Amino acid sequence: MNTNQKQTLPLSSEQMDQWENDGYLLLKGVVPESAINGVRDSFARVVDSIISELKKDGIIKDEALELPFETRLARVAGEHANGFGRSWRNQVATSEIFDLHYAARLVDAIGQLTGTDVIGHPVFNARPKLPGQQLTVVPWHQDSGYFGTVSETSLIPTAWIPLVPVDESNGCLQVVAGSHRLGVVNHHTEEREGKFLEVVDELVDASRIVTCPMELGDALVFHNLTLHRSLPHTTSELIRWAIDIRYLRDGDHPGTIYWKDPDFKWVIRSQTQPLTTLEQWLEMW
């Protein structure tokens, strides 16, 4: 990536207008390579565990330790990977995930979007999308569909961060520009394998769909009311690795998903409040 393509902060007035009007921003080069590598290492440890378990159960014989992170889970576990879930949140609540939330340029942008201290949200999703896998094809939805209607007036920005380059062939995201203006809409559980929440097709303005190819270091930031989905992974044997994390406007309600301690606040950046330590965060998990 050329340095002149990377995000310069603070956010420009044009970007702030886009956030207000469209409910999303594609920020270039805001996540450092060290943070991405840390998350990849955390994910790789889960892959090691999954493959070891499959070998112990006699389902596979060769752990293929020589294969790279980008292909090993798909090549070795194959369809058996589905049995380990569509998100690894609890398995990767590690220091590397904690550190990712502190990526300085991303935190700068979040602070400008919320206009408050930067507060972390408890929900994140660690997603390996395998080639041809239906389980991880996420339909059109708002994140607020998962948080409950109590969060209708809350601002909970999501940062979707790929760990490999993504485009429409391997499952990048699409957003519906301006759909955050709909407010919270009704969701139902899809009939497909993933059993995700989805909205009715009539709510999706096809003329406003934006496809978001991304490179390493990019973050797609969107409003909790912005309709979005992930596309199927239809090419190659490379896994589409990604993680989505969330922040909260200070003082807003996080929704129906709480920390173990409902009074706990994850303070990431503040001039007045004590910052949360890794030890405090880990205790909540």
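Because the structure is a prediction, the values reported are computed rather than measured.
Using a 4.0 Å cut-off between charged nitrogen and carboxylate oxygen, R240 and E70 do not count as a salt-bridge pair. With respect to the salt-bridge test (charged N to carboxylate O, under 4.0 angstrom), the residues R45 and E96 qualify. Using a cutoff of 4.0 Å between basic side-chain nitrogens and carboxylate oxygens, K265 and D250 are scored as salt-bridged. Taking a cutoff of 4.0 Å between a charged side-chain nitrogen and a carboxylate oxygen, R269 and D117 do not qualify as a salt bridge.
The nearest pair of heavy atoms linking P165 to N170 is O-ND2, 3.1 Å. Y102 and F98 make their closest contact through CD1-O, 2.9 Å (heavy atoms, listed as atom of the first residue, atom of the second, distance). Summarising the geometry of W19 relative to P157, their closest heavy-atom pair is CH2-CB, 4.4 Å, with the distance given to 0.1 Å. The two atoms that bring R192 and P139 nearest to each other are NH2-CB, 3.5 Å, heavy atoms only. Heavy atoms only, all atoms of each residue included: V76 and A64 are closest at CG2-CB, 3.5 Å. Minimum heavy-atom separation, C212 to V166: O-CG2, 4.4 Å.
Side-chain contact between L130 and P128: present, with at least one pair of heavy atoms (C-beta onward) separated by less than 4.5 Å. In this structure, M16 and L113 have side chains that are in contact, with non-hydrogen atoms separated by less than 4.5 Å. Contact of the L25 side chain with the Q18 side chain is registered, since non-hydrogen atoms from C-beta on lie closer than 4.5 Å. Between L248 and L155, every side-chain heavy-atom pair lies at or beyond the 4.5 Å cut-off. Using a 4.5 Å heavy-atom cutoff, the side chains of L227 and H141 are not in contact. In this structure the side chain of V107 reaches within 4.5 angstrom of the side chain of I268, judged on heavy atoms. In this structure, V199 and N186 have side chains that are not in contact, with every pair of non-hydrogen atoms separated by 4.5 Å or more. Taking 4.5 Å as the limit, every side-chain heavy atom of F222 sits out of range of all side-chain heavy atoms of D22.
Among the candidates D99, I243, L100, T94, the single residue satisfying the side-chain contact (heavy atoms from CB on, under 4.5 Å) test with S42 is T94. Residue T158 forms a side chain to side chain donor-acceptor pair (under 3.5 Å) with just one option from N125, T226, N224, D143, and that option is D143.
For F43 and W241, the ring centers are positioned less than 6.0 Å apart. Taking the six-membered ring wherever Trp is involved, the centroid distance between the rings of H101 and W266 falls below 6.0 Å. Separation of the H228 and Y24 ring centroids does not fall under the 6.0 Å cut-off.
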### Task
Take E190 and L197 through the side chain to side chain contact (heavy atoms under 4.5 Å, CB included) test and state the conclusion after the steps.
CA-CA 6 Å; E190 66 170 340; L197 295 180; over 6 Å; no
### Message
Show, in sequence, the C-alpha distance, side-chain angles and deciding distance for I51 and I60, and conclude whether the side chain to side chain contact (heavy atoms under 4.5 Å, CB included) test is met.
### Response
CA-CA 8 Å; I51 290 175; I60 63 169; 3.6 Å; yes
#### Entry: Test log, rule side chain to side chain contact (heavy atoms under 4.5 Å, CB included), inputs T114 and I119
CA-CA 10 Å; T114 62; I119 308 299; over 6 Å; no
### Full working for salt bridge (charged side-chain N to carboxylate O under 4.0 Å, His left out) between D48 and R72
CA-CA 9 Å; D48 288 341; R72 186 170 173 235; 2.6 Å; yes
### Task
Quick one: do D244 and I161 satisfy side chain to side chain contact (heavy atoms under 4.5 Å, CB included)? Show the steps, please.
CA-CA 6 Å; D244 50 86; I161 301 167; over 6 Å; no
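At distances below 3.5 Å, at least one donor-acceptor pair connects side-chain atoms of D261 with backbone N or O atoms of D263. Under a 3.5 Å cut-off, the side chain of Q142 and the backbone N or O of V185 do form a donor-acceptor pair. Distance alone, capped at 3.5 Å, places no donor-acceptor pair between the R127 side chain and the A242 backbone. Looking only at distances, no side-chain donor or acceptor of Q91 sits under 3.5 Å from a matching main-chain atom of V46. Judged purely by atom type and a 3.5 angstrom limit, S144 has no side-chain atom pairing as donor or acceptor with the backbone of F147. Checked by atom type and distance alone, the side chain of D218 never pairs as donor or acceptor with a backbone atom of M214 at under 3.5 Å. Of the possible donor and acceptor atoms, one in the side chain of S270 sits under 3.5 Å from a partner among the backbone N and O of T272. Using a distance-only test at 3.5 Å, with no hydrogens or angles considered, no donor-acceptor pair links the side chain of E53 to the main chain of I50. With H180 contributing its side chain and E20 its backbone, the two residues share a donor-acceptor pair below 3.5 Å. A donor-acceptor pair under 3.5 Å links the side-chain atoms of K260 to the main chain of E283, judged by distance alone.
Heavy-atom contacts from other residues, nucleotides or ligands closer than 6.0 Å to CD of Q273 number more than 12. Other residues, nucleotides and ligands contribute at most 12 non-hydrogen atoms within 6.0 Å of the NZ atom of K61. The local environment of CD in E63 is crowded, with over 12 non-hydrogen atoms from other residues, nucleotides or ligands closer than 6.0 Å. In D201, the CG atom is not crowded: 12 or fewer heavy atoms of neighbouring residues, nucleotides or ligands sit closer than 6.0 Å. Summarising the local packing, CZ of R75 is surrounded by 12 or fewer heavy atoms from other residues, nucleotides or ligands at distances under 6.0 Å. Surrounding CD of E66 are more than 12 heavy atoms belonging to other residues, nucleotides or ligands, all under 6.0 Å away.
Remark: the Q174 side chain and the T211 side chain contain an N/O donor-acceptor pair separated by less than 3.5 Å. Side-chain contact check for H188 and E198: at least one donor-acceptor pair (N or O, by modelled atom type) lies under 3.5 Å.
We find the NE2-OG distance between H223 and S179 to be 10.0 Å, quoted to the nearest 0.5 Å. Distance OG1/T256 to OH/Y146: 12.0 Å, rounded to 0.5 Å. Interatomic distance, L282 CG to T276 OG1, rounded to the nearest 0.5 Å: 11.5 Å. Here H233 contributes atom NE2 and C172 contributes atom SG; the two are 11.5 Å apart, rounded to the nearest 0.5 Å. Atom CG of L231 sits about 7.0 Å away from atom CD of E168, to the nearest 0.5 Å.
In the hydrophobic clustering of this structure, L106 groups with L278; members are Ile, Leu, Val, Met, Phe, Trp, Tyr whose side-chain heavy atoms approach within less than 4.5 Å, directly or through other members. Under the 4.5 Å side-chain heavy-atom criterion for Ile, Leu, Val, Met, Phe, Trp and Tyr, L216 and L220 are members of the same hydrophobic cluster. Hydrophobic clustering (side-chain heavy atoms under 4.5 Å, transitive across Ile, Leu, Val, Met, Phe, Trp, Tyr) keeps V176 apart from V221. Hydrophobic clustering (side-chain heavy atoms under 4.5 Å, transitive across Ile, Leu, Val, Met, Phe, Trp, Tyr) groups V118 together with I245.
Annotation: ring-ring contact (aromatic ring centres under 6.0 Å, His included) contacts of F124 (sequence neighbours excluded): W285. Residues satisfying the salt bridge (charged side-chain N to carboxylate O under 4.0 Å, His left out) test with R249, not counting sequence neighbours, are D252. When the ring-ring contact (aromatic ring centres under 6.0 Å, His included) test is applied to W140, no partner is found at least two apart in sequence or on another chain.
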